[in-house]
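Since the model is a prediction, treat every value here as computed from it, not as a measurement. The figures here come from the full heavy-atom set of this structure, side chains too, leaving out hydrogens, waters and symmetry mates.
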Amino acid sequence: MPTTPDTAVPITLVSAADLPAWLEAHPAQRAWLSATGFKARPGSFALVPGANGELGQVLAAPAEGAPVWALAALPNALPEGRYRLDSALAPADATAAALGWALASYAFTRYRAAKRAPAQLDLPAGADAAEVARLQGAVSLARDLINTPAEDLGPEHLAAAARAVAERSGAQLSVIRGDDLLAQNYPTVHAVGRASTRAPVLIDLRWGDASAPRVTLVGKGVCFDTGGLDLKTAAGMLHMKKDMGGAAITLGLAQALMDAGAPIRLRVLIPAVDNAVAGNAIRPLDIVRTRSGKTVEIGNTDAEGRLILCDALWEADTEEPDLLVDVATLTGAARVALGPDLQALFCDDEAAAQALQQAGMAAGDPMWRLPLWKPYLKNLDAKIADLKNVSGSPHGGAIYAALYLSEFVSKARTWAHLDVAGSNDKAQPGRPEGGEATGLRALYSYIRQRYG
């Protein structure tokens, strides 16, 4: 049965500064709220009983920070049921509140049912229902893919997910597999993925008017990363199902942009591999010839993400896109530098970098710019190849990875590299523990603003 305002529990928004006046105007609730100690601190709420002992009302103090998280603690804290906002919000804030509620309602249920249903919110007045559904769907897609164990999410599974996204929006999709990667000159993708029993693939999605500005997304799709012959520790390997987070985020972003009808010529390139251990795995000090023709000395087989990305970036760059963005769970160094909440942004386009950071802050999906420090490039020099895939230095790992990638981009008008976490180590309101579409909503907002 459709819910009407009369059957949904009202949520009244109140701040600590406004609480005394609200209590003065509602003497019947004053004693109860005083007894329960409700002070309207940011992020807190109070359940107010009705005349017959039922839940009659919720008083909620919005959390501080980005509007999207203002009410995001409520879906899993309030009793199950339906709720409605009885406080008027500006359309943008109403959309943000609805989206935050939707993102907080996510649960990964492929292998186990959710412990409880989240409280449901009627769409607030003025909220953009299509935008909420669009971004909820995009983030949920990325979260689901990242959360899925590698046994059920290999290169072919990732290709199937891309095909579903393409079919939903009428996009074209092609997939290059296995030894065909050598025949079509994607040698580093093949080199990294050849040791797995699951063949590596290169996923290529195209959509939109060919005359529109070219926007190309490249996502790192390492479906599981053992570290290769430079084998990770057990602890280091524990979360490596998330190493295809960049691919998941770009697929979710592409889905949202196509659903919104963005006026762009979109291309998505995803090299998808397992970095496995076998007799034919790439070895330290092997030399790999990349799609660009440049040769790379393998200093560490666990720096495989930049190897598969460099072939895809070179291909993307040949089309001289107006905007080229790659997203990758590339380095632990970015997390050491910025902590769990900030994603590392590398971009030498000053205006674009500033706009990306502003979009991220406004969306509650923040990123922080790190430098493409060119003097460090000399530390990627190799003795018998054009460059190395690692510097050998224990410092500045995220910068070295970005500098390596920069060697394969020269024609794009704007290039941005996001070194992302792809997961939440601990839950926050709206952001459950596990797979996370870090950077997706920031990029979506920026691209919509840039192209109208």
Asker: For the pair Asp286 (side chain) and Ile298 (backbone), establish whether a donor and an acceptor sit closer than 3.5 Å, ignoring hydrogens and angles.
Answerer: no
Asker: Between Arg335 (side chain) and Pro340 (backbone), is there a donor-acceptor pair under 3.5 Å?
Answerer: no
Asker: Counting only N and O atoms by type, is there a donor-acceptor contact under 3.5 Å from the side chain of Lys242 to the main-chain atoms of Thr329?
Answerer: no
Asker: Flag the pair Pro187 / Asp311 as yes when at least one side-chain heavy-atom distance between them is below 4.5 Å, and no otherwise.
Answerer: yes
Asker: Hey, does Leu370 have a side-chain heavy atom less than 4.5 Å from the side chain of Asp419?
Answerer: no
Asker: Could you check whether any side-chain heavy atom of Pro271 comes within less than 4.5 Å of a side-chain heavy atom of Tyr186, counting everything from C-beta outward?
Answerer: no
Asker: Ala150 and Cys223: which non-hydrogen atoms are nearest, and at how many Å?
Answerer: CB-O, 3.7 Å
Asker: Using a 3.5 Å distance criterion without hydrogens, assess whether the side chain of Asp180 forms a donor-acceptor pair with backbone atoms of Ile176.
Answerer: no
Asker: Which heavy-atom pair separates Pro149 from Lys241 by the least distance, and what is that distance?
Answerer: CA-CD, 3.9 Å
Asker: Would you call Glu304 and Lys220 a salt bridge, using N to O less than 4.0 angstrom?
Answerer: yes
Asker: Salt bridge between Arg82 and Asp122, side-chain N to carboxylate O under 4.0 Å?
Answerer: yes
Asker: Report the C-alpha separation of Asp179 and Arg194 in whole Å, then their side-chain angles, then the decisive distance to 0.1 Å, and conclude whether the salt bridge (Lys or Arg N to Asp or Glu O under 4.0 Å) test is met.
Answerer: CA-CA 9 Å; Asp179 289 345; Arg194 72 192 184 201; over 6 Å; no
Asker: With a 4.0 Å cut-off, would you call Glu297 and Lys383 a salt bridge?
Answerer: no
Asker: Going by heavy atoms in the side chains, are Asp230 and Pro284 under 4.5 Å from each other?
Answerer: yes
Asker: If the threshold is 4.0 Å, N to carboxylate O, is there a salt bridge linking Asp225 and Lys232?
Answerer: yes
Asker: Which atom pair, heavy atoms only, marks the closest approach of Ala98 to Leu123?
Answerer: CB-CD1, 4.2 Å
Asker: Would you find a donor on one side and an acceptor on the other, under 3.5 Å apart, between the side chain of Thr295 and the backbone of Asp386?
Answerer: yes
Asker: Could you tell me whether the side chain of Phe224 reaches within less than 4.5 Å of the side chain of Leu153, counting heavy atoms only?
Answerer: no
Asker: Between Arg198 and Glu151, does at least one N-O distance fall below 4.0 Å, as a salt bridge requires?
Answerer: no
Asker: What closest approach, in Å, do Ser169 and Met258 show between heavy atoms, and which atom pair accounts for it?
Answerer: OG-CB, 3.5 Å
Asker: Once you round to the nearest 0.5 Å, how far does OH of Tyr446 lie from OH of Tyr451?
Answerer: 6.5 Å
Asker: Just wondering, are more than 12 heavy atoms of other shown residues or ligands nearer than 6.0 Å to CZ in Arg116?
Answerer: yes
Asker: Show the numbers, then the answer: is there a salt bridge (Lys or Arg N to Asp or Glu O under 4.0 Å) between Glu156 and Arg163?
Answerer: CA-CA 10 Å; Glu156 282 294 343; Arg163 188 167 300 282; over 6 Å; no
Asker: If you count the non-hydrogen atoms of other residues, nucleotides and ligands that lie under 6.0 Å from CE in Met361, is the total more than 12?
Answerer: no
Asker: Please report the interatomic distance CG(Leu71) to CG(Leu99), rounded to the nearest 0.5 Å.
Answerer: 12.0 Å
Asker: Looking only at side-chain N and O atoms, does Asp128 offer a donor or acceptor that is under 3.5 Å from a partner on Thr95?
Answerer: no
Asker: Between Trp373 and Ile399 (side chain of the first, backbone of the second, donor and acceptor by atom type, cut-off under 3.5 Å), is there such a pair?
Answerer: no
Asker: Calculate, to the nearest 0.5 Å, the distance between atoms CZ and OG1 belonging to Arg283 and Thr301 respectively.
Answerer: 11.0 Å
Asker: Looking at Arg431 and Pro429, would you say the former's side chain and the latter's main chain have a donor-acceptor pair under 3.5 Å?
Answerer: yes
Asker: Stepwise, does the side chain to side chain donor-acceptor pair (under 3.5 Å) test hold for Tyr106 with Glu436?
Answerer: CA-CA 11 Å; Tyr106 170 86; Glu436 186 56 274; over 6 Å; no
Asker: Should the pair Tyr404 and Phe408 be assigned to parallel (<30°), tilted (30 to 60°) or perpendicular (>60°) ring geometry?
Answerer: tilted
Asker: Given side-chain contact (heavy atoms from CB on, under 4.5 Å), test Leu403 with Lys374 step by step and report yes or no.
Answerer: CA-CA 7 Å; Leu403 286 171; Lys374 299 297 185 182; 4.3 Å; yes
Asker: As a test of understanding, state which of Lys411, Arg214, Arg450, Arg267 forms a salt bridge (charged side-chain N to carboxylate O under 4.0 Å, His left out) with Asp322.
Answerer: Arg450
Asker: I'd like to know if the side chain of Arg306 and the backbone of Leu405 have a donor-acceptor N/O pair within less than 3.5 Å.
Answerer: no
Asker: A side-chain contact here means heavy atoms from C-beta on lying under 4.5 Å apart; do Val296 and Thr188 qualify?
Answerer: no
Asker: Does this structure show an ion pair linking Glu319 with Arg265, if we count only N-O contacts that are shorter than 4.0 Å?
Answerer: no
Asker: Could you go through Asp326 and Trp415, starting from their C-alpha distance and side-chain angles, then the distance that decides it, and tell me whether this counts as side chain to side chain donor-acceptor pair (under 3.5 Å)?
Answerer: CA-CA 8 Å; Asp326 74 81; Trp415 169 55; 2.9 Å; yes
Asker: Mark yes or no for whether Thr250, through its side chain, and Gly246, through its backbone, hold a donor-acceptor pair below 3.5 Å.
Answerer: yes
Asker: Which distance, rounded to the nearest 0.5 Å, do you find between the CG of Leu78 and the OH of Tyr83?
Answerer: 4.5 Å
Asker: CG/Asp317 to SG/Cys310 distance, rounded to the nearest 0.5 angstrom?
Answerer: 12.5 Å
Asker: I'd like to know if the side chain of Arg110 and the backbone of Asp144 have a donor-acceptor N/O pair within less than 3.5 Å.
Answerer: no
Asker: Kindly give the heavy-atom pair with the smallest separation between Ala352 and Cys347, and that separation in Å.
Answerer: CB-SG, 4.1 Å
Asker: Please assess Leu380 against Glu407 for the test side-chain contact (heavy atoms from CB on, under 4.5 Å), listing each intermediate value before the final yes or no.
Answerer: CA-CA 11 Å; Leu380 295 179; Glu407 290 292 283; 5.8 Å; no
Asker: For the pair Leu330 and Leu309, evaluate side-chain contact (heavy atoms from CB on, under 4.5 Å) and give the outcome as yes or no after the intermediate values.
Answerer: CA-CA 10 Å; Leu330 206 59; Leu309 288 172; 4.0 Å; yes
Asker: Using side-chain contact (heavy atoms from CB on, under 4.5 Å), reason through Glu131 and Arg134 one step at a time and then give a plain yes or no.
Answerer: CA-CA 5 Å; Glu131 186 79 343; Arg134 179 178 299 127; 2.5 Å; yes
Asker: Report yes if the side chains of Val268 and Thr216 come closer than 4.5 Å at any heavy-atom pair, otherwise no.
Answerer: no
Asker: Working to the nearest 0.5 Å, report the span between NZ of Lys115 and OG1 of Thr109.
Answerer: 14.0 Å
Asker: Can Thr226 and Asn275 be counted as having a side-chain donor-acceptor contact under 3.5 angstrom?
Answerer: no
Asker: Less than 4.5 Å apart, any side-chain heavy atom of Glu315 and any of Val218?
Answerer: no
Asker: Minimum heavy-atom separation for Pro321 to Ala316, with atom names?
Answerer: CD-O, 3.3 Å
